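Contents: one structure, followed by commentary.
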Amino acid sequence: MKWFNPETIKPWLLLLPSVIVIGFLVGYGVWEAIAESFREWETGKWTVQYYEELLMKEAFWDSLFLSMYIAISSTLASLLIGLFLTRVLQRYFMNYRWKSLVWLPMLFPHFVAAYLIILFLSESGILSSLFYHFGWVNEIADFPFSIQSQHSAGIIFTYIWKEVPFVILMLLPIYQQFSPEEEATVRTLGGNSWDVFKTTEWPSLFPVLIETGIILFAFTLAAFEVPSVLGITYPKMLPVLSYQWFFENDWSNRPLAMAVMIITTLIILFIAFLSFWVTQRRRMHIARGR
Amino acid sequence: MLECKNLSISYNGKKILHRVSFRVTKGDIMCIIGPSGGGKTTLLRTIAGLVPVKEGQIVLGGKSVTRHKPEHRPVVLMFQRSVLFPHMTVLENVNYGLKLQKIPRERSQQMSMDILKRVGMEDYFHVFPYELSGGQQQRVAFARALVIKPKLLLFDEPFSSLDPVLRMSLRTWVRNMLKDEGMTALFVTHDKEEAMIVGDQIAVMANGMIHQTGSPLEVYKYPDNLVTAKHYSEGIILEDHYFISSRFLRLRNQSWQGNENEFTIRGTVLGKWMRSAQLFYQVEIPHLSQYIIMPSEEEVEIEETVQLTVEKKYISELNNINGEVREC
Amino acid sequence: MKPSIVQLVKMFLLGCVFFALVTPLLLLLLNSFAHEWRWPQIIPASFSLRAWSVVFSDPHIWSSIGWTVLIGSMVVCLNLLLGLPAAKALAYYEFKGKSLVETFLLLPILIPSLAIGMGLLLTMIRVGLADHWAGVVLIHLLPTLPYTIRILRAGYENIGAGYEEAARNLGASSWKAFWTITVPLLFPSLRAVLALTFVISLSQYVLTALIGGGQVVTLAMIYYPYLAGIDRSVTAALSLLFVLLPILLVCIFELVSHLSRKVVTTNQMRDET
């Protein structure tokens with residue numbers, strides 16, 4: 001009978017539209033992708049041949065390692081820089097002028113950010129010109145830095161520029177919650193500023209850092225836009241590889257393309273599950289303590 | 001034990017503390033009372049080392065700690081909120097200060113359990129703060145402060161978010177605990193009764209200055225300035241210059257005929273109630289824009305006009321009407 | 001007061017942040033007005049309005065702006081329509097399975113939208129949503145709706161249920177209470193949703209290309225070929241368009257709200273937050 005209590009079903013009614021839309025798009029989309037990756041494209045018979053084929057391909061493994069490398073390094077760098085800047089400059093960022101300024105990179109689409117990196121860091125970019133004026137290079141070919149070859153630095157720089165503001169905006173609300181009383185308590189009990197960070201800030205920051213990290217990791221691992229502008233021809237990042245196979249002349253590689261994205265999905269879900277599981281216990285006490 | 005000499009603090013050109021000087025002897029509890037915004041919290045934060053001192057000196061146990069960092073001062077500050085760390089158990093919270101002093105785990109745990117027993121919270125040692133009531137949280141915070149044996153404890157309105165009954169019982173409890181431990185303490189409050197119950201000494205503070213110090217009853221009976229009369233003592237203030245303590249006022253009904261030795265003020269009864277078997281009236285004195293609470297055996301009704309009388313010899317003069325700083 | 005070393009370091013960092021945030025915008029502006037700018041010149045040798053006149057005289061670009069704004073606005077509206085009730089439910093109600101729903105609503109952030117788009121393509125073709133703006137709008141909900149729900153939920157939690165209840169208590173209908181109390185108080189969150197959702201929608205290249213099949217030509221579709229080309233000035237001008245469109249939209253939104261006099265309180269709130 002409880003089910004018919006209007007107060008019990010009201011939140012569900014409010015949630016229903018979103019749940020249906022997301023449930024349909026995600027559920028049906030993923031199901032179709034899985035199904036297509038397990039079906040022979042001509043006959044429609046169930047098979048695991050595409051996964052076997054994929055795991056034998058060197059191109060796939062190279063792409064996987066490149067993608068993991070780029071996603072992990074740009075995520076960690078963004079988190080560290082974001083945390084550092086928020087901590088040191090929080091007083092300024094809480095002023096709404098600075099806050100609006102921090103929003104600025106959020107307004108740039110990722111492919112525009114990639115273009116900015118070309119303007120700044122490419123061989124004929126503005127930095128190269130500056131180097132010439134400092135007398136460090138004499139011609140374009142001398143510029144020591146290449147956005148494409150140097151460990152995909154161009155892609156990583158683009159993500160850092162775009163995601164550090166995101167990290168700051170995720171962390172700021174937490175810093176707004178801290179009261180001077182917490183710092184005062186640790187200090188008068190004999191702690192130095194490192195103890196203040198460890199006892200009062202870190203327990204609240206940790207779950208948010210993990211959450212932000214997962215969002216960034218999932219995005220950078222699976223996003224197409226930036227690597228398609230700044231990436232090299234071999235190896236490609238996973239989504240670029242998948243997209244290429246998806247649109248190859250005949251449709252014979254489509255199941256393979258699906259399989260790539262399914263594996264990407266599994267990696268993300270596995271890491272997300274792992275980190276949520278790690279933070280679960282701590283999160284509970286903090287949430288109730290406030 | 002604690003001595004502040006000419007402490008002055010300014011922030012953005014505004015004077016928060018102005019030449020504050022006072023001393024507290026070892027084992028004494030001094031209550032600082034006054035209106036909010038008067039600099040009480042800043043004073044505590046300054047003594048704790050959280051506000052840098054440009055002018056003046058803080059001496060603790062014969063040594064100047066004016067330039068010491070907060071973690072190197074034998075001082076603990078407690079707040080209205082208990083500020084227990086939400087991710088640590090009660091025992092871990094109490095143990096925190098000892099752990100920072102690198103006291104061996106076994107001994108520190110023993111010390112923490114002992115102090116938890118003293119505050120009657122030993123059964124909750126493994127519990128997380130969110131499971132405790134407000135009063136219990138304050139007790140644990142108190143234990144956490146006591147266990148590192150500071151020379152001085154500072155309280156910033158520690159009970160003001162608790163309900164009145166709990167508040168009443170914690171006041172005497174804290175006082176007894178402090179006395180048992182022989183602890184020196186500064187206790188900020190805006191509640192007169194609380195100040196009188198907890199304090200051995202009273203300091204009345206407003207506008208960043210200390211206006212009067214002394215024993216709770218002395219200061220109550222003999223306020224020597226306007227600020228003290230207004231914020232701590234009870235009575236009627238005339239022309240910002242004369243003070244009639246409530247102790248000498250009598251409430252009479254309208255028909256009362258006074259003699260020439262008496263001074264009479266008219267007022268209106270706004271409310272009446274019983275408390276501790278005594279009838280009380282809240283009386284408004286319209287032409288002075290003041291209210292006063294009077295105990296009386298007279299039977300008068302609400303909105304009735306009454307007379308407040310005092311023998312003229314009990315009208316005292318407030319000596320520094322501007323509330324200027326007195327050099328100690 | 002003498003600045004300490006810590007203060008100086010902070011100022012230096014702040015300068016770096018300012019530089020990193022603002023120079024890209026300046027560089028794009030400079031580039032879009034540059035007539036001749038060769039390596040290793042620090043500043044263009046000469047300026048002209050050529051790039052902008054190219055951009056504004058090209059009918060393809062005009063129509064792509066139209067499609068971009070149409071799709072973006074539809075995405076914003078759908079986000080608000082779906083997100084407001086969901087956010088309210090998550091902010092004000094406690095119920096069984098709440099954390100499960102929360103996780104579920106976050107899935108589009110975790111699961112690559114490219115995988116979902118590829119999976120949906122065949123079905124979209126079958127029901128006629130592929131190669132159509134409606135299909136593109138639908139697929140743009142994936143990278144936007146989770147953020148919308150998140151932002152609005154935080155907004156709802158910030159205000160608390162009290163004000164709306166008070167309004168209902170004073171005799172307002174739920175519709176009236178929503179417009180007179182919730183919307184003005186939620187204004188900062190609504191503005192954030194508007195900006196973010198619109199920006200995300202207009203930065204979708206691969207999803208739009210996939211579902212739109214080259215038939216739905218948004219600004220991103222026009223932009224990509226330019227990235228490979230060598231006309232830096234036009235690319236810079238187009239890049240600026242991407243930034244200007246959401247700013248313009250937010251300005252219009254602010255203006256409309258000001259005219260309807262609903263932001264009296266929010267201006268005061270902004271200084272506090």
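Predicted, not measured: the structure shown is a model, and the values here were computed from it. Throughout, protein chains are lettered first and strands after them, A, B, ... in sequence-line order, and every chain is numbered starting at 1.
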| query | Testing Val76(B), Leu77(B), Val147(B) for side chain to side chain contact (heavy atoms under 4.5 Å, CB included) with Leu189(A), which one passes? | reply |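 The single option meeting the side chain to side chain contact (heavy atoms under 4.5 Å, CB included) with Leu189(A) is Val76(B).
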Atom [atom1] of residue position [X] - does it have more than 12 heavy atoms of other residues, nucleotides or ligands inside 6.0 Å?
| X | atom1 | value |
| --- | --- | --- |
| Gln101(B) | CD | yes |
| Arg105(B) | CZ | no |
| Tyr124(B) | OH | no |
| Arg167(B) | CZ | yes |

| task | For chain A, find its close neighbours in residues 60-75 of chain B: heavy-atom separation under 4.5 Å, sorted by number, or none. | result |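 The residues closer than 4.5 Å to chain A, in numerical order, are Lys69(B), Pro70(B), Glu71(B), Val75(B).
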| Can you find a side-chain donor-acceptor pair between Thr185(A) and Arg144(B) that sits under 3.5 Å? | no
| message | Going by side chain to side chain contact (heavy atoms under 4.5 Å, CB included), name the residues that satisfy it together with Phe65(A), two or more places apart in sequence or in a different chain. | response |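 Per chain and number, Phe65(A) pairs via side chain to side chain contact (heavy atoms under 4.5 Å, CB included) with Trp61(A).
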| field | Pairwise side-chain contact, Met78(B) with Glu181(A), heavy-atom cut-off 4.5 Å (strictly under) | value | no
| request: Taking the side chain as every heavy atom from C-beta outward, state whether His87(B) and Ser204(A) have any pair of such atoms under 4.5 Å apart. | output: no
| Residues forming a ring-ring contact (aromatic ring centres under 6.0 Å, His included) with Phe108(A), sequence neighbours excluded |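 Partners of Phe108(A) by the ring-ring contact (aromatic ring centres under 6.0 Å, His included) criterion, ordered by chain and then number, come out as Trp161(A).
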| message | So which atom in Gly190(A) and which in Leu100(B) form the shortest heavy-atom distance, rounded to 0.1 Å? | response | C-CD1, 3.7 Å
| remark: To the nearest 0.5 Å, atom NZ of Lys198(A) lies from atom CZ of Phe85(B) at 11.0 Å
| field | Listed partners of Glu122(B) passing salt bridge (charged side-chain N to carboxylate O under 4.0 Å, His left out), at least two apart | value | none
